[in-house]
Amino acid sequence: MLTQLETEQLKIEYLQSLETRKESKDSWGQDIKEGLTQCPKKIPSKYFYDDQGSQLFEKICELSEYYPTRTEASILRKYAEEISDHTGICELVELGSGSSTKTRLLLDAYHQQNEVFKYMPIDVSAGILQESAIQLKQDYNSLQIQGLVGTYEQALTQLKPTSWPARMIFFLGSSIGNFSETDYDNFLSKIAKVLENGDYFLLGVDLQKPKSILEAAYNDSQGVTAAFNLNMLAHLNHKFEGNFDLNYFKHQAISNEKKKQIEMYLLSEKDQEFTLKNIDLKGVLEKGEKILTEISRKFDVEETQQKLESKKLKSIKVFTDENNWFALILCQAVK
Ligand code: AVJ
């Protein structure tokens with residue numbers, strides 16, 4: 001874990017916890033408690049991403065079955081320059097930056113304009129944020145980097161006004177697909193609120209497509225997605241002194257065609273009990289019972305544009321690949 005990292009051009013800071021100390025102690029693990037005591041049980045997807053989980057996700061992105069990453073990268077490769085021409089010099093703020101691999105395609109385009117610019121990666125995983133920030137600083141000398149460790153929620157409520165001519169917030173990889181309809185709506189409202197008139201928002205969305213392609217992407221033959229899903233239990237064991245036995249859970253991912261989403265579950269392979277000691281939680285799972293760990297919604301371009309417009313995020317251009325599998329929607333805040 002990093003302690004402090006600061007040079008003139010490279011800074012990494014921790015965002016403040018939203019609660020006061022006392023409250024945060026009370027609400028520690030509250031979301032887990034709620035999720036595991038309701039029926040059906042669920043665990044928030046953000047618990048995928050400890051350092052191990054972030055690394056497993058990077059491996060998922062390289063799988064041949066997992067088309068979103070390379071498809072989005074191909075769109076960026078083709079249109080990054082056009083995007084940078086639209087926005088001009090600006091501050092780039094990335095939500096959920098991870099290893100920033102795809103981001104490099106965008107940074108390259110801005111870099112080629114030969115201007116100094118600023119990149120703010122935001123991620124919950126301090127390890128991966130620090131590692132990639134140091135690497136980026138070496139590769140882009142004129143780049144000013146200010147990394148923020150924290151959740152989207154923290155980032156969007158704590159971002160200060162920029163001193164740059166404009167700001168572009170970007171949210172790639174269709175991570176927005178993890179949100180429920182309500183969270184999706186609230187998230188876009190927060191984006192719209194934090195942007196000033198004329199600022200940009202670049203959103204990556206995975207588009208609707210046949211069940212067979214979708215299910216293959218979330219049930220890869222090497223079992224990396226399964227390991228990623230199971231790692232969530234290891235993360236909980238570590239964080240909350242839990243006793244989940246990973247040997248008795250199975251990964252499951254199915255396409256719910258009616259809801260236009262992938263649903264990922266951890267299936268209990270026997271009747272079992274679990275304890276999360278430091279949040280005082282005990283529970284039982286029946287054989288065959290499923291814990292929902294993720295929904296990954298698949299989008300329709302027009303519907304998404306309308307949704308964005310309803311938040312006064314006017315779409316200026318939609319970039320897509322030749323199969324229409326993935327889209328990047330560039331919009332501008334009108335206030
Ligand atoms: C990072 C949320 C976009 O939903 O496709 C990949 C996560 N889960 N394989 C997705 C994920 C299983 C991914 N997002």
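Remember, it's 1-based here, ligands and their atoms both numbered in the order they're listed.
With atom 10 (C) of ligand 1 as the reference point, the heavy atom nearest to it among Tyr66, Phe48, Phe179, Phe57 is part of Tyr66. Among Glu294, Gln261, Glu72, Lys298, the residue whose heavy atom lies closest to atom 12 (C) of ligand 1 is Glu294.
Between Ser174 and ligand 1, not a single N/O pair is under 3.5 Å apart.
Counting protein heavy atoms only, atom 4 (O) of ligand 1 is closest to Ser296 OG, 2.7 Å. Summary of contacts: the protein heavy atom closest to atom 3 (C) of ligand 1 is Gly173 O, 2.9 Å. The nearest heavy-atom contact from the protein to atom 2 (C) of ligand 1 is Asn178 OD1, 3.2 Å.
There is a side-chain donor-acceptor pair under 3.5 Å between Ser315 and Gln305.
Salt bridge annotation for Asp31-Lys46: present, with a cationic side-chain nitrogen under 4.0 angstrom from a carboxylate oxygen. Here Lys335 does not pair with Glu196 in a salt bridge; the nearest charged N to carboxylate O distance is not below 4.0 Å. We find that Lys270 and Glu286 are not joined by a salt bridge, their nearest charged nitrogen and carboxylate oxygen being 4.0 Å or further apart.
Below 4.0 Å from some heavy atom of Tyr49 lie the following atoms of ligand 1, by number and element: 1 (C), 7 (C). If you number the atoms of ligand 1 from 1 as listed, the ones under 4.0 Å from a heavy atom of Met264 come out as 12 (C).
Ligand 1 has no atom lying under 4.0 Å from any heavy atom of Gly177.
Phe228 has its ring centre no less than 6.0 Å from the ring centre of Tyr218.
The cationic group of Arg167 does not satisfy the cation-pi geometry with Tyr200, failing either the under 6.0 Å distance to the six-membered ring centre or the 45° limit from the ring axis.
Ser100 contributes atom OG, which lies 11.0 Å from atom CD of Glu131 (distance to the nearest 0.5 angstrom).
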